[in-house]
Engineer: 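One structure, as structure tokens, below. Some questions next.
These values consider heavy atoms only, across backbone and side chains, with no hydrogens, waters or symmetry-generated copies. Positions are given from 1 along the sequence. Note that this is a predicted model, so its numbers are computed, not measured.
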Amino acid sequence: MSVTNKLAQNLVLTRDLSPEGRTILYKGRIREAMQAISVNMTKLVLLNLIMVLACVPLIVMILYYQRMQESNILAGMNFSTGIGIGLGVQDDTVSALSQIYDVRLKVYGITLFPTCLLLGLFASGLYYCCRNMLWGTKVKIFKHFFRGIKAHWYKFVLSFAWLGALATGFACSLIMILKETAVNGQANAGWWVLVVFTGLIALVSAIYMLIGNGMYVCYKYKTKDYIKNTCSVTLMTIVPALIVVLFFSGFMALSFINMLNVIILIIMAMIGFSAFAVFSLAFSQYVCDNTIGYLYEEQLKIKKKEMEKQAKAKNQAKKKQQAISNNGRPNKKKKR
């Protein structure tokens with residue numbers, strides 16, 4: 001038995017929450033996502049602004065507090081080298097770099113995790129609304145946004161809490177590498193190991209969340225069944241899921257390039273969160289429809305054939321019993 005078949009046997013099969021009659025086995029999911037975005041552009045922009053609100057604490061800390069602290073550190077420091085003989089001047093470059101990295105370590109260490117928690121809370125409403133858009137049902141922004149939060153908040157908060165912990169560990173380790181390299185010329189190997197470890201775990205977690213977040217709002221399962229199905233579907237479709245995650249990660253990595261970072265930040269502020277939710281939902285539905293949905297439909301066909309077979313056998317048995325009863329009756333004599 002192949003690995004795929006073994007994974008398929010672990011799936012908990014049930015129908016998703018979409019309206020009756022939705023076609024599941026079809027191609028063109030990117031076209032479906034683009035159509036949902038074009039039809040609901042105004043609503044998606046409004047939802048994206050709500051998601052941006054979740055990032056306000058992080059934005060304020062980076063753009064205001066961090067810059068203010070760095071300016072205070074640089075003020076009054078001397079970055080001159082010795083001038084002439086007997087006119088040596090204290091060079092505070094190394095000290096300034098160390099203190100600047102300490103400020104950044106503090107900012108990201110304090111704000112990343114709670115920001116991810118808030119993003120997870122808001123994402124439960126965002127994904128609920130985007131799910132309805134993909135299914136072609138009506139969406140009332142505030143009504144369905146808060147309905148999504150009420151129904152799914154704990155699933156998304158737990159997922160984003162895990163991702164927030166990994167992001168915090170990765171960012172702080174990277175800052176420590178930069179600090180020790182700038183101050184001592186070489187970073188401790190332990191920080192490199194932690195960066196690689198958290199980076200790999202974050203990549204695996206991102207693949208899980210790509211499918212799991214869509215499953216949270218499209219299916220109704222117990223928590224253990226969500227985990228079991230998400231892990232099974234992820235392993236069954238690991239190659240396309242990895243490609244999609246690397247594509248989105250590569251897009252965000254462009255924000256570190258000069259000129260492109262401003263463009264990407266503008267896109268994220270306008271529709272980035274909403275667009276990502278729509279496309280990730282479309283992909284999640286695609287893989288779930290072709291695994292859970294397909295096997296569920298096949299299961300229904302098997303049950304239908306079995307019921308038809310049982311009904312046919314029961315009908316034949318009934319006819320046979322009637323025939324035996326008729327043959328056992330005494331023939332009445334005809335009157336002369």
Engineer: In chain order, what residues pass the side chain to side chain donor-acceptor pair (under 3.5 Å) check against D16, with sequence neighbours excluded?
Structural biologist: S18, R22
Engineer: Looking at N40 and A36, would you say the former's side chain and the latter's main chain have a donor-acceptor pair under 3.5 Å?
Structural biologist: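 Yes, the answer is positive, given that a donor and an acceptor are paired below the 3.5 Å cut-off.
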Engineer: How far does NZ of K301 sit from OH of Y296, to the nearest 0.5 angstrom?
Structural biologist: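 Nearest 0.5 Å value for the NZ-OH distance: 13.0 Å.
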Engineer: Let me check something: do V239 and F248 share a hydrophobic cluster, defined by ILVMFWY side-chain heavy atoms less than 4.5 Å apart, either directly or through other members?
Structural biologist: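 Yes, same cluster.
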Engineer: Quick one: does Y286's side chain get under 4.5 Å of N290's, heavy atoms only?
Structural biologist: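 Heavy-atom side-chain distance check passes, below 4.5 Å.
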Engineer: Linking I/L/V/M/F/W/Y whenever any side-chain heavy atoms sit under 4.5 Å apart, do L235 and I227 land together?
Structural biologist: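 Per the 4.5 Å side-chain linkage, L235 and I227 are co-clustered.
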Engineer: Rounded to the nearest 0.5 Å, what's the gap from CD on Q299 to OG1 on T14? Could you check?
Structural biologist: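 Reported value, rounded in 0.5 Å steps: 9.0 Å.
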Engineer: For residues 194-218, please give each side-chain donor-acceptor pair under 3.5 Å, one per line with the distance, not counting sequence neighbours.
Structural biologist:
unit_1	atom_1	unit_2	atom_2	d
T198	OG1	L194	O	2.7
T198	OG1	V195	O	3.2
S205	OG	W162	NE1	2.7
S205	OG	I201	O	2.8
N213	ND2	M209	O	3.4
Y216	OH	S159	OG	3.3

Engineer: Kindly work out whether a path of hydrophobic side-chain contacts (I/L/V/M/F/W/Y, heavy atoms less than 4.5 Å apart) joins I266 to F276.
Structural biologist: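 Shared cluster, no.
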Engineer: Verify side-chain contact (heavy atoms from CB on, under 4.5 Å) between E308 and K304, making sure each step is shown before the conclusion.
Structural biologist: CA-CA 6 Å; E308 290 176 350; K304 184 178 179 181; 3.5 Å; yes
Engineer: Let's go through L47 and M133 carefully: what are the C-alpha distance in whole Å and the side-chain angles of both, what is the deciding distance for side-chain contact (heavy atoms from CB on, under 4.5 Å) to 0.1 Å, and is it a yes or a no?
Structural biologist: CA-CA 12 Å; L47 286 169; M133 293 175 186; 4.0 Å; yes
Engineer: According to a 4.5 Å side-chain heavy-atom criterion applied to Ile, Leu, Val, Met, Phe, Trp and Tyr, with indirect links allowed, do W191 and V193 form part of one hydrophobic cluster?
Structural biologist: no
Engineer: Consider only side-chain heavy atoms of I, L, V, M, F, W and Y, link residues closer than 4.5 Å, and tell whether L265 and L63 are in one cluster.
Structural biologist: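 No; L63 is not reachable from L265 via cluster members.
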Engineer: Kindly indicate whether the side chain of V45, heavy atoms from C-beta on, has any atom under 4.5 Å from the side chain of M270.
Structural biologist: no
Engineer: Does the side chain of V244 reach to within under 4.5 Å of the side chain of P240, using non-hydrogen atoms?
Structural biologist: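 Heavy-atom side-chain distance check fails, nothing below 4.5 Å.
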Engineer: When you check the gap from the basic side-chain N to the acidic O, do K220 and D225 get nearer than 4.0 Å?
Structural biologist: no
Engineer: Side chains of N10 and C231: closer than 4.5 Å at any heavy-atom pair?
Structural biologist: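 Heavy-atom side-chain distance check fails, nothing below 4.5 Å.
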Engineer: Would you indicate whether E298, at its atom CD, is surrounded by more than 12 heavy atoms from other residues, nucleotides or ligands within a distance under 6.0 Å?
Structural biologist: yes
Engineer: Is there a side-chain contact between K179 and S98 in this structure, where contact means two heavy atoms from C-beta onward sitting under 4.5 Å apart?
Structural biologist: yes
Engineer: Atom CE of M51 and atom CE of M268: how far apart are they, to the nearest 0.5 Å?
Structural biologist: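 Interatomic distance, M51 CE to M268 CE, rounded to 0.5 Å: 9.0 Å.
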Engineer: Decide side-chain contact (heavy atoms from CB on, under 4.5 Å) for L11 and M236; before the verdict, give the C-alpha distance in whole Å, the side-chain angles of both, and the deciding distance to 0.1 Å.
Structural biologist: CA-CA 11 Å; L11 293 174; M236 292 169 68; 4.3 Å; yes
Engineer: Starting at OH of Y226, measure out to NZ of K155 and round the result to the nearest 0.5 Å.
Structural biologist: 3.0 Å
Engineer: What's the shortest heavy-atom distance between F273 and N48, and which atoms?
Structural biologist: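 Smallest interatomic distance, heavy atoms only, reads N-OD1, 2.7 Å.
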Engineer: Look at K309 together with E306 and state whether they make a salt bridge at an N to O cut-off of under 4.0 Å.
Structural biologist: no
Engineer: List the atom pairs, donor and acceptor, that lie under 3.5 Å between side-chain atoms in residues 53-62 and the rest of the protein, sequence neighbours left out.
Structural biologist:
none

Engineer: With a cutoff of under 4.5 Å between side-chain heavy atoms, which Ile, Leu, Val, Met, Phe, Trp and Tyr residues group with L17?
Structural biologist: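 Reading the cluster by chain and number, L17 sits alongside W135.
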Engineer: Are the side chain of Q186 and the backbone N or O of T181 linked by a donor-acceptor pair below 3.5 Å?
Structural biologist: no
Engineer: Is the F156 ring parallel, tilted or perpendicular to the H152 ring (thresholds 30°, 60°)?
Structural biologist: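 Ring orientation of F156 relative to H152: perpendicular.
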Engineer: As an exercise, state the distance from OG of S95 to CD1 of I100, rounded to the nearest 0.5 Å.
Structural biologist: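 These two atoms lie 9.5 Å from each other.
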Engineer: So which heavy atom on T230 is nearest to which on T234, and how close?
Structural biologist: O-OG1, 2.6 Å
Engineer: Go through the steps to decide whether R67 and E70 satisfy the test salt bridge (charged side-chain N to carboxylate O under 4.0 Å, His left out), and finish with yes or no.
Structural biologist: CA-CA 5 Å; R67 289 186 177 182; E70 290 178 357; over 6 Å; no
Engineer: Only distances under 3.5 Å count here; give the side-chain donor-acceptor pairs of residues 137-146 to other protein atoms, sequence neighbours excluded, each with its distance to 0.1 Å.
Structural biologist:
unit_1	atom_1	unit_2	atom_2	d
T137	OG1	N132	O	3.1
H144	ND1	K140	N	2.8
H144	ND1	K140	O	3.1

Engineer: What I'd like to find out is whether the side chain of V103 reaches to under 4.5 Å of the side chain of Q99, using heavy atoms alone.
Structural biologist: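 A side-chain contact under 4.5 Å is absent here.
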Engineer: Show me the side-chain donor-acceptor pairs of residues 108-127 shorter than 3.5 Å, one per line, residues at least two apart or across chains.
Structural biologist:
unit_1	atom_1	unit_2	atom_2	d
T111	OG1	V107	O	2.5
T115	OG1	T111	O	2.7
S124	OG	L121	O	2.5
Y127	OH	S280	OG	3.1

Engineer: Between S38 (side chain only) and M34 (backbone N and O only), is there a donor and an acceptor less than 3.5 Å apart?
Structural biologist: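 Such a contact is found between S38 side chain and M34 backbone.
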Engineer: Check the side chains of N229 and Y221 for a donor-acceptor pair under 3.5 angstrom, ignoring hydrogens and angles.
Structural biologist: yes
Engineer: Counting C-beta onward and ignoring hydrogens, is there a side-chain heavy-atom pair between I292 and R15 closer than 4.5 Å?
Structural biologist: no
Engineer: Nearest 0.5 angstrom please: L97 CG to E180 CD, how far?
Structural biologist: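 One gets 13.5 Å once the value is rounded to the nearest 0.5 Å.
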Engineer: C130 and L281: which non-hydrogen atoms are nearest, and at how many Å?
Structural biologist: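 Looking at all heavy atoms of both residues, the closest pair is CB-CD1, 3.5 Å.
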Engineer: Is there a side-chain contact (heavy atoms from CB on, under 4.5 Å) between M41 and I271 once you walk through the steps?
Structural biologist: CA-CA 9 Å; M41 179 62 73; I271 198 172; 3.3 Å; yes
